[in-house]
Amino acid sequence: MLQASSLFTRLEYRLAERLFHTRWLLPRSKRTQRLTLRLFKRCADAGHPDALSVYGHMLFHRSASPQDRARGARYVVEAAHAGGLKAQYQVARIYEYGCAQYPRRDEYAVTWYARAAKAGHYLAAERLVRAYQQGELGLAVDGDQAQYWQQMADDTLTGSNAA
């Protein structure tokens, strides 16, 4: 039964993703938007890693209520722990800028940026380059480290970084 449930969740996620990205399938109406969000929420609540990342990101960045923003941050953190590359970058940004539930923690931000960069996230590697060049995120200026992360970013662009 768990396998059938997992298959159904994956199918629901694919439908939500299609509704979210394609305008020609159904007209962009409030009803379609509610359906899409409801599908993403169901999948996130079922633990689908991509849904956790997407829905969490939407809640965190687009919600008006602090409770929804906090729930969005929790979803993103859960997706990052499950190995979601985009979620790892998002968690780093959450820790870099802080929020009510996750206060600013530079050392956590650096850890998550490094994790995402090593897995092939270009923007995470670029952020570490700037941090080491300018002494941000509690890091000392270090040209060697900046060069290391720049090489990581370049490898990501050329596709030679094994993710």
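- Using a 4.5 Å cut-off on side-chain heavy atoms (C-beta onward), Leu137 and Tyr113 make contact.
- Nearest heavy atom pair, residue Thr36 against residue Ala16, reads CG2-O, 3.6 Å.
- Hydrophobic cluster membership differs between Tyr102 and Met58, with clusters built from Ile, Leu, Val, Met, Phe, Trp and Tyr side chains linked at under 4.5 angstrom.
- If you run side-chain contact (heavy atoms from CB on, under 4.5 Å) between Tyr132 and each of Arg127, Gln147, Gln145, only Gln145 comes through.
- Ser53 and Ala79 make their closest contact through N-CB, 3.7 Å (heavy atoms, listed as atom of the first residue, atom of the second, distance).
- Hydrophobic cluster membership is shared by Leu157 and Met152, with clusters built from Ile, Leu, Val, Met, Phe, Trp and Tyr side chains linked at under 4.5 angstrom.
- The cluster map of Ile, Leu, Val, Met, Phe, Trp and Tyr, joined by side-chain heavy atoms under 4.5 Å apart, puts Val129 and Tyr89 in the same cluster.
- Between Leu52 and Val76, the closest side-chain pair of non-hydrogen atoms is not below 4.5 Å.
- The distance from atom CD of Gln101 to atom CZ of Phe60, rounded to the nearest 0.5 Å, is 9.5 Å.
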For this session: Test side chain to side chain contact (heavy atoms under 4.5 Å, CB included) on Gln133 and Val141 and set out the steps.
Result: CA-CA 5 Å; Gln133 287 174 339; Val141 173; over 6 Å; no
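- Taken to the nearest 0.5 Å, the CG atom of Leu39 stands 13.0 Å off from the CZ atom of Arg34.
- Between Leu128 atom CG and Asp142 atom CG the span is 12.0 Å, to the nearest 0.5 Å.
- Looking at every heavy atom in both residues, Thr156 comes nearest to Gly120 through CG2-O, 2.9 Å.
- No side-chain heavy atom of Trp149 sits under 4.5 Å from any side-chain heavy atom of Glu126.
- The NZ atom of Lys41 sits 9.0 Å away from the CG atom of Leu59 when rounded to the nearest 0.5 Å.
- Put simply, CZ on Arg38 and CZ on Arg42 are 9.0 Å apart, with the number rounded to the nearest 0.5 Å.
- The closest side-chain donor-acceptor pair between Asp45 and Tyr75 falls under 3.5 angstrom.
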Exercise. Stepwise, does the side chain to side chain contact (heavy atoms under 4.5 Å, CB included) test hold for Ile94 with Cys99?
Worked result: CA-CA 7 Å; Ile94 288 170; Cys99 67; 4.1 Å; yes
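- Identified under the salt bridge (charged side-chain N to carboxylate O under 4.0 Å, His left out) test for residues 103-117, with sequence neighbours left out: Arg104-Asp106, Arg105-Glu107.
- Classification of the Tyr13-His48 ring pair by plane angle, with boundaries at 30° and 60°, yields parallel.
- Across all their heavy atoms, Cys43 and Glu12 have their closest contact at SG-CB, 3.5 Å.
- Trp112 has its ring centre less than 6.0 Å from the ring centre of His81.
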For this session: Could you walk me through whether Leu37 and Tyr55 pass side chain to side chain contact (heavy atoms under 4.5 Å, CB included), step by step?
Result: CA-CA 8 Å; Leu37 286 175; Tyr55 186 62; 4.1 Å; yes
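- Two residues are said to be in side-chain contact when any heavy atoms from C-beta on lie closer than 4.5 Å; Gln88 and His121 fail this criterion.
- Minimum interatomic distance between Ala124 and Ala117 (heavy atoms only, all atoms of both residues): CB-N, 3.7 Å.
- Residues Tyr108 and Tyr95 bring their aromatic ring centres within 6.0 Å.
- In this structure, the separation between CZ on Arg10 and CD on Glu17 is 13.5 Å, given to the nearest 0.5 Å.
- Contacts classified as salt bridge (charged side-chain N to carboxylate O under 4.0 Å, His left out) and involving residues 67-78 (residues at least two apart or in different chains) are given here: Asp68-Arg71.
- The backbone N or O of Asp155 lies less than 3.5 Å from a partner atom in the side chain of Thr158, making a donor-acceptor pair.
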